[in-house]
Amino acid sequence: MLLGGAHRRVTSGAVRTLIAVPTYFEAESIETLLRRLRDAVPDADVMVVDDGSTDGTCETVERLADELGQIRLIRRSAKRGLGDAYRHAFAEAIDAGYELLVEIDADLSHDPAALPEMLSAAKAGADVVIGSRYVPGGRIEGWSRSRTRLSRWGNRYASIVLGLAINDATAGFRVYRSSIVRRFGLDGIRSSGYGFQVEMTYRAIRCGARVVEIPIVFRERASGESKMSRAIVLEALVLVTLWGLRDLATRRRSQRMYED
Ligand SMILES: Nc1nc2c(ncn2[C@@H]2O[C@H](COP(=O)(O)OP(=O)(O)OP(=O)(O)O)[C@@H](O)[C@H]2O)c(=O)[nH]1
Ligand SMILES: [Mg+2]
């Protein structure tokens, strides 16, 4: 059991849910996020995976773990990327028998109030639920035009190259059914930034996942600093292109075998 003892208060019949929160210098927002999560989904357990923040993020998480319960902090010593943090959390959660795995940023860009609807969609049968900025009703508040354009075109590129038919493949607010993650496995996942979100989507779809996009409002972080970098964008671009080329080569090979 990942979280136990006096602090556990999962009601009988509740689907075991683990919310993974990667943090890197998020002292200004983590308390609000954890309180909002507890209000929105009181039965869910939370795992914060921190990569060496020295701004008080971990101390705040520890204080809230004592106060609220059902919160666990994983402290790692060096920055290993968002994707690596989620891999760590999900691997532990799968071993511990959680059925639903949630991804959410710590910077309050994602509103925990949207989670009950997203979790309902998973409980109703979706394998992956994406909190989507690019379906009707979804939107972004506070991003510059160039940032929005980069995200929009990045998404279009990934969808076309990988044939995903998903409007927001880079979204970082999600619910996965743990059975689908077990099916495609976390070991071979290579990317760490936006590429991680695309890679998880791509692998899930290749395993036959039912993906549902639910509109959300994404708000630019109000405090703290962005960890977005050119390297993260480049990683996603290179990996998506490589996967697309690999798919194309596989299709050509099977077409030739069929013709021979
Ligand atoms: N553990 C861990 N968390 C990270 C790392 N990089 C980013 N994060 C966290 O991942 C989440 C998303 O990172 P952000 O910096 O908000 O990236 P973004 O949302 O793509 O971009 P902006 O919000 O515009 O800055 C936040 O909760 C970060 O603290 C990392 O290397 N390790
Ligand atoms: Mg952010």
Side-chain angles (χ1 to χ4, degrees), residues 18-34 36-37 46-61 64 71-93 101-112 114-115 130-134 138-155 158 168-174 186 189-201 216-237:
L18 191 275
I19 303 173
V21 186
T23 55
Y24 189 68
F25 289 79
E26 301 291 2
E28 289 170 77
S29 57
I30 190 67
E31 175 156 6
T32 307
L33 178 82
L34 292 175
R36 285 193 195 161
L37 281 174
V46 177
M47 182 189 279
V48 177
V49 183
D50 186 84
D51 276 356
S53 307
T54 54
D55 62 344
T57 302
C58 293
E59 292 68 20
T60 302
V61 175
L64 285 159
I71 297 172
R72 182 172 161 207
L73 171 65
I74 306 284
R75 291 182 91 149
R76 311 193 305 175
S77 53
K79 180 164 167 47
R80 279 150 63 180
L82 161 121
D84 196 84
Y86 276 130
R87 270 203 305 273
H88 186 127
F90 286 178
E92 285 210 19
L101 314 174
V102 176
E103 291 183 1
I104 188 166
D105 286 356
D107 58 2
L108 302 174
S109 285
H110 304 138
D111 185 352
L115 262 178
I130 297 180
S132 178
R133 299 159 292 181
Y134 303 129
R139 64 177 195 278
I140 295 169
E141 288 178 357
W143 268 9
S144 65
R145 205 177 282 188
S146 59
R147 180 82 197 264
T148 309
R149 215 178 294 142
L150 177 69
S151 167
R152 251 327 209 171
W153 282 104
N155 262 293
D168 197 350
T170 59
F173 193 15
R174 295 170 176 231
L186 290 163
I189 301 269
R190 292 167 53 200
S191 38
S192 56
Y194 289 111
F196 173 77
Q197 307 299 1
V198 180
E199 189 167 8
M200 292 283 283
T201 313
I216 58 139
V217 178
F218 177 99
R219 292 185 182 86
E220 168 64 321
R221 59 162 69 239
S223 56
E225 276 176 30
S226 173
K227 282 96 212 174
M228 239 278 278
S229 65
R230 278 206 191 137
I232 286 176
V233 176
L234 198 66
E235 177 202 56
L237 189 68

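All values below come from the heavy atoms of this structure, side chains included, with hydrogens, waters and symmetry mates left out. We count ligands from 1, going down the list as the structure has it; atoms in each ligand are counted the same way. Note that this is a predicted model, so its numbers are computed, not measured.
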Would you mind checking which non-hydrogen protein atom is closest to [atom], with the distance to 0.1 Å?
atom                    : value
atom 14 (P) of ligand 1 : Arg221 NH2, 3.4 Å
atom 5 (C) of ligand 1  : Lys79 NZ, 3.5 Å
atom 29 (O) of ligand 1 : Glu26 OE2, 2.6 Å
atom 23 (O) of ligand 1 : Asp107 OD2, 3.0 Å
atom 9 (C) of ligand 1  : Pro22 O, 3.5 Å
atom 19 (O) of ligand 1 : Asp105 OD2, 3.2 Å
atom 8 (N) of ligand 1  : Tyr24 CB, 4.1 Å

| message | Contact between Ile130 and Gln197 at the side-chain level, heavy atoms closer than 4.5 Å - yes or no? | response | no
| message | In the structure I gave you, are the side-chain heavy atoms of Arg219 and Leu108 within less than 4.5 Å of one another anywhere? | response | no
Got an N/O contact under 3.5 Å between [X] and ligand 1?
X      : result
Trp143 : no
Thr23  : yes
Ala106 : yes

| field | Glu220 near the Mg ion (ligand 2) via N/O/S, less than 2.8 Å | value | no
| said: Whether the side chain of Asp107 engages the backbone of Ser29 through a donor-acceptor N/O pair (distance < 3.5 Å, no angle test) should be reported. | reply: no
| remark: Glu220 heavy atoms within 4.0 Å reach ligand 1 at atoms 24 (O)
| said: With a 4.0 Å cut-off on N to O distance, would you call Arg221 and Glu28 a salt bridge? | reply: no
| Salt bridge flag under 4.0 Å for residues Arg75 and Glu59 | yes
| Should one rank Gly81, Gly52, Ser226 by closest heavy-atom distance to atom 25 (O) of ligand 1, which comes out on top? | Ser226
| request: Measure from atom 32 (N) of ligand 1 to every heavy atom in Asp51, Val48, Val49 and give the option owning the shortest one. | output: Asp51
| request: Would you please determine whether Arg76 falls within less than 4.0 Å of ligand 1 on a heavy-atom basis? | output: no
